[in-house]
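Notes for the one structure printed next.
Lettering of chains follows the sequences in order, A, B, ..., and the numbering in each one begins at 1.
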Protein chains: 2
Amino acid sequence: MPYDPSAFPAFAVTVDLVVLTVRRDAFCALVVRRGEEPFRGWWALPGGFVRKDEDLVTAAARELAEETGLHAQDPGSPPAGAHLEQLATYGDPGRDPRMRVVSVAHLVLAPDLPAPTAGGDAGGARWMPVDQLLGASGAGAPSERLAFDHNRILGDGVERARSKLEYSSLAAAFCPPQFTVGELRRVYEAVWGVSLDPRNFHRKVTGTPGFLVPAGGTTTRQGGRPAQLFRAGEATLLNPPMLRPEV
Amino acid sequence: MPYDPSAFPAFAVTVDLVVLTVRRDAFCALVVRRGEEPFRGWWALPGGFVRKDEDLVTAAARELAEETGLHAQDPGSPPAGAHLEQLATYGDPGRDPRMRVVSVAHLVLAPDLPAPTAGGDAGGARWMPVDQLLGASGAGAPSERLAFDHNRILGDGVERARSKLEYSSLAAAFCPPQFTVGELRRVYEAVWGVSLDPRNFHRKVTGTPGFLVPAGGTTTRQGGRPAQLFRAGEATLLNPPMLRPEV
DNA sequence: TCAATAGTGTCTGTGAGACACTATACT
DNA sequence: AGTATAGTGTCTCACAGACACTATTGA
């Protein structure tokens, strides 16, 4: 078929963000209150339109900064900011009742933050446990429904995060720049919803080259014997992986 | 910001296809010859515009059928058609010199096909070894460059396929409905570019519940002792995974 | 006969899971 | 003291990799 630029249908393109963190041992997602129709008053994932001359990942980083003040990881500045990656794209006709919108969802893994002050347009923002939004793993129905198809997007993001902990060192993205082995273990436990043996976990993560680098000091912020502080190492892929229990 | 439907920038949305197969022990991708500017005469990935009321995956399946005659896997018809899944989305401004185009790339894994007759618009279509397009794993430069950012898309698709063979049973998507253990092993060897021990491979795949189901007969089409025929089982996830050698 | 592929058995090293035990803090 | 968490050592089982050996075809 000959190329005709005026013949293609026009789409709106947005980025939606699945921002995940671990707060007080709970695996939480960032949701914002919608201030307008449709779904006025509902919780939704943060997001917004991609601008005319803007890269997709740039748009995602901009929305993230606007809505949370978080800065995405600059390649090069090791312990600063959150992990950002593309998740998937959702473009069913009718997913937005107003018009044809294709949304490129992104996944953000962030350390625990003081308070998610909604930057500008959103009427409110808060962290909400993912179990409450998706239904606990035990098949319960979600107690909160999100606007549009955001439950599906969140579910995909949560599953991506859970599986990435297995074969990458991304769990450290949920931790502050310096953290203990116990704190890292609590991240895995919160995200996977399981209990892990502290002794085997310690042996595994400290024995994997490049995963953890000793940062020097110790801390007793978790109580008990002082624990060594680490920061994330250079390795991004875990080999062999750390598999989720309960096959 | 108040919602203003006329304020969003208009994008064109396309689907591009990374169609992979194994032909004569070579890992190959489907490329089509471009008949128009820009990149007239270059090889490119098949693809096209998403229609106004069309789902993304539907658009990908339609383009696949138009350009190859292949039908994507209908959930429910086990041994028919190819595996189709979303890969990633590419939307850099300037990736298409004519206008702002966001492309939702899809990955297709297909069994070996007789000949990729270009369906309609494309000036020609052929299977090309991925090493030739991406440069052999040994750092060689690609001997053929694709149009637009299709080298990058192809690279992402190839890497996705390689890693999916590890923890899923998708290798069977490269095989005919009935196949032998040796044929399945040659798929792994071609995709990963390695040699695998036939005895250990046999023990591994036949010992994984749900991966292979005996289909009854035997064949000698590979020469040597007759080999049992199998078809793909119900299992989609491999646990434990089949890891690539050469860490 | 040989060459090819299919399939089984056996050994060894690595690593995960279970768990006893010691170390060092706070109350 | 008791309780919390940190960290080490040890045992066992599962499994990947290496490879000897047998089975069954065609040339």
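Ring geometry for His150(A) versus Phe148(A): interplanar angle of 30 to 60°, hence tilted.
When the P atom of dA18(C) is taken as reference, atom CZ of Phe201(A) falls 15 Å away, rounded to whole Å. Computed from coordinates, the Glu189(B) CD to dT5(C) C1' distance equals 13 Å when rounded to whole Å. To the nearest angstrom, C1' of dG7(C) lies 10 Å from CZ of Phe230(B). For the pair Leu229(A) CG and dT5(D) P, the interatomic distance rounds to 17 Å; values are reported in whole Å. Put simply, CG on Leu196(B) is 10 Å from P on dA18(D), counting in whole angstrom units. Atom-to-atom, CZ of Arg199(B) to C1' of dT10(C) comes out at 12 Å; the value is rounded to the nearest Å. Rounded to a whole Å, the CZ atom of Arg221(B) is 17 Å from the P atom of dT25(D).
Positionally, the nearest nucleotide of DNA chain D for Gln222(A) lies more toward the 5' end than for the other of His202(A) and Gln222(A).
Residues Val205(B) and Met242(B) meet the side-chain proximity criterion, which asks for heavy atoms closer than 4.5 Å. Between Leu107(B) and Leu84(B) the shortest side-chain heavy-atom distance does not fall below 4.5 Å. At least one side-chain heavy atom of Lys164(A) sits less than 4.5 Å from a side-chain heavy atom of Arg160(A). Residues Leu184(B) and Phe211(B) meet the side-chain proximity criterion, which asks for heavy atoms closer than 4.5 Å.
Here Arg126(A) does not pair with Glu144(A) in a salt bridge; the nearest charged N to carboxylate O distance is not below 4.0 Å.
Comparing dG9(C), dT5(C), dG7(D) against the side chain of Arg225(B) picks out dT5(C) as the nearest. Comparing dA6(D), dC19(D), dA25(C) by their closest approach to the side chain of Thr180(A) singles out dA6(D). Nearest to the side-chain atoms of Gln228(B) among the listed nucleotides dT25(D), dG7(D), dG7(C) stands dG7(C). When each of dC19(C), dA25(C), dT25(D) is scored by its nearest atom to the side-chain atoms of Pro226(B), the top-ranked nucleotide is dT25(D).
Between Phe201(A) and Tyr188(A), the distance separating the two ring centers is shorter than 6.0 angstrom.
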With 3.5 Å as the limit, what N/O pairs link the protein to nucleotides 13-17 of chain D?
{"from": "dA16(D)", "atom 1": "OP1", "to": "Lys204(B)", "atom 2": "NZ", "distance (Å)": "2.6"}

